[in-house]
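To start, the structure itself, in structure tokens.
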Amino acid sequence: MKEHAAELIYWTRIIHNKWKMYMAATSKGLVYVGPHETPFEELALWAGKHFPGSPLVEDNEILKPYANEVMDYLDGTRTVFTIPLEYHGTPFQQKVWQALCDIPYGETKSYSDIANSINKPSAVRAVGTAIGANPILITVPCHRVLGKNGSLTGYRGGLEMKTRLLALEKRDL
């Protein structure tokens, strides 16, 4: 894992309709959207691991454009995100996360589909691991990945959150 110079990590908590989640960004882009109803400590632990020595600063104003796009998505009025993202992961993870961003709103893919899309057809398990490490939920839509037979599979935010996000997208189509 590459070391980064200490930089400010700005965070906020979204409370919107029945959704409650933390999100964080650097000056370069969104780095974290946490699962629904998880404690602040999850964000703090993640930031400490990926941005050692970087202070966490609550700043609702800096996060407002990010929060607005996520809330628009949760309202069903946004299908594409335009906010900048800053991926912090291995090159392989970043390839997988970019492939997730290519899955259209309301559609799903299998882990095998993602492995094939990054030209690593035999790396299905590694793809699953990379998807599970995605720190930017919703905006990097790992909820759109299902098992090969279409079954719901693991999701860092829990299967209830995954089900809610998929239902939101199906409802809006």
Decide side-chain contact (heavy atoms from CB on, under 4.5 Å) for Y155 and L165; before the verdict, give the C-alpha distance in whole Å, the side-chain angles of both, and the deciding distance to 0.1 Å.
CA-CA 11 Å; Y155 182 64; L165 294 172; 3.4 Å; yes
Shortest non-hydrogen contact from A115 toward A123
CB-C, 4.4 Å
Sequence neighbours excluded, the answer for side chain to side chain donor-acceptor pair (under 3.5 Å) partners of E37 is none
Non-hydrogen atoms of I9 and A24 that approach each other most closely:
CG2-CB, 3.8 Å
Looking at K162, I want to see if its NZ is surrounded by more than 12 non-hydrogen atoms of other residues, nucleotides or ligands under 6.0 Å.
yes
Indicate the atoms forming the closest heavy-atom contact of E42 with P35, along with that distance.
OE2-CD, 3.1 Å
Would you say N17's side chain and W19's backbone share a donor-acceptor pair under 3.5 angstrom?
no
Which heavy atom of K148 sits nearest to which heavy atom of S112, and what is that distance?
NZ-OG, 3.8 Å
Here the gap from L152 atom CG to L166 atom CG, rounded to the nearest 0.5 Å, amounts to 6.5 Å
Taking every heavy atom of G89 against every heavy atom of Q93, the minimum-distance pair comes out as CA-OE1, 3.1 Å
Any donor-acceptor pair under 3.5 Å linking the side chain of D72 with the backbone of E69?
no
Test side-chain contact (heavy atoms from CB on, under 4.5 Å) on N60 and K64; report intermediate values, then the result.
CA-CA 6 Å; N60 299 334; K64 194 174 191 168; over 6 Å; no
Intermediate values then yes/no, side-chain contact (heavy atoms from CB on, under 4.5 Å), M21 and T38:
CA-CA 7 Å; M21 61 191 73; T38 55; over 6 Å; no
Measure from the side-chain N and O atoms of K109 to the backbone N and O of L146, and report whether any donor-acceptor pair falls under 3.5 Å.
no
Hey, could you give me the CE/CD1 distance between M71 and I14, rounded to the nearest 0.5 Å?
6.0 Å
Can you measure from CE (M23) to CZ (R13) and round to the nearest 0.5 angstrom?
13.0 Å
Looking only at the aromatic ring of each residue, does the gap between the centers of H50 and Y32 stay below 6.0 angstrom?
no
Treat each ILVMFWY residue as a node, draw an edge where side-chain heavy atoms are under 4.5 Å apart, and state whether V31 and L45 are in one component.
no
Close aromatic pair by centroid cut-off 6.0 Å: F40 and Y22:
yes
About how many Å separate CZ of R164 and CE of M161, when rounded to the nearest 0.5 Å?
8.0 Å
Side chains of H16 and D75, heavy atoms from C-beta outward: is any pair under 4.5 Å?
yes
Kindly compute the distance separating CZ (F92) from CD1 (I118), expressed to the nearest 0.5 Å.
4.0 Å
Can you establish whether the number of heavy atoms outside E160 located under 6.0 Å from its atom CD is more than 12?
no
Solution key, residues 124-145 side-chain donor-acceptor pairs under 3.5 Å, sequence neighbours excluded:
residue, atom, partner, partner atom, Å
T129, OG1, R125, O, 3.2
N134, OD1, I136, N, 2.9
N134, ND2, V140, O, 2.9
H143, NE2, Y73, OH, 3.3
H143, NE2, E169, OE2, 2.8
R144, NE, E169, OE1, 2.9
R144, NE, E169, OE2, 3.1
R144, NH1, I103, O, 2.7
R144, NH2, E169, OE2, 3.0

Rounded to the nearest 0.5 Å, how far apart are OH of Y66 and CG of L30?
6.5 Å
Excluding sequence neighbours, so at least two apart, what forms side-chain contact (heavy atoms from CB on, under 4.5 Å) with K28?
E7, T26, E86
Evaluate side-chain hydrogen bond (donor to acceptor under 3.5 Å, both in side chains) for Y111 paired with T153, printing each intermediate quantity in order.
CA-CA 10 Å; Y111 293 92; T153 54; 2.8 Å; yes
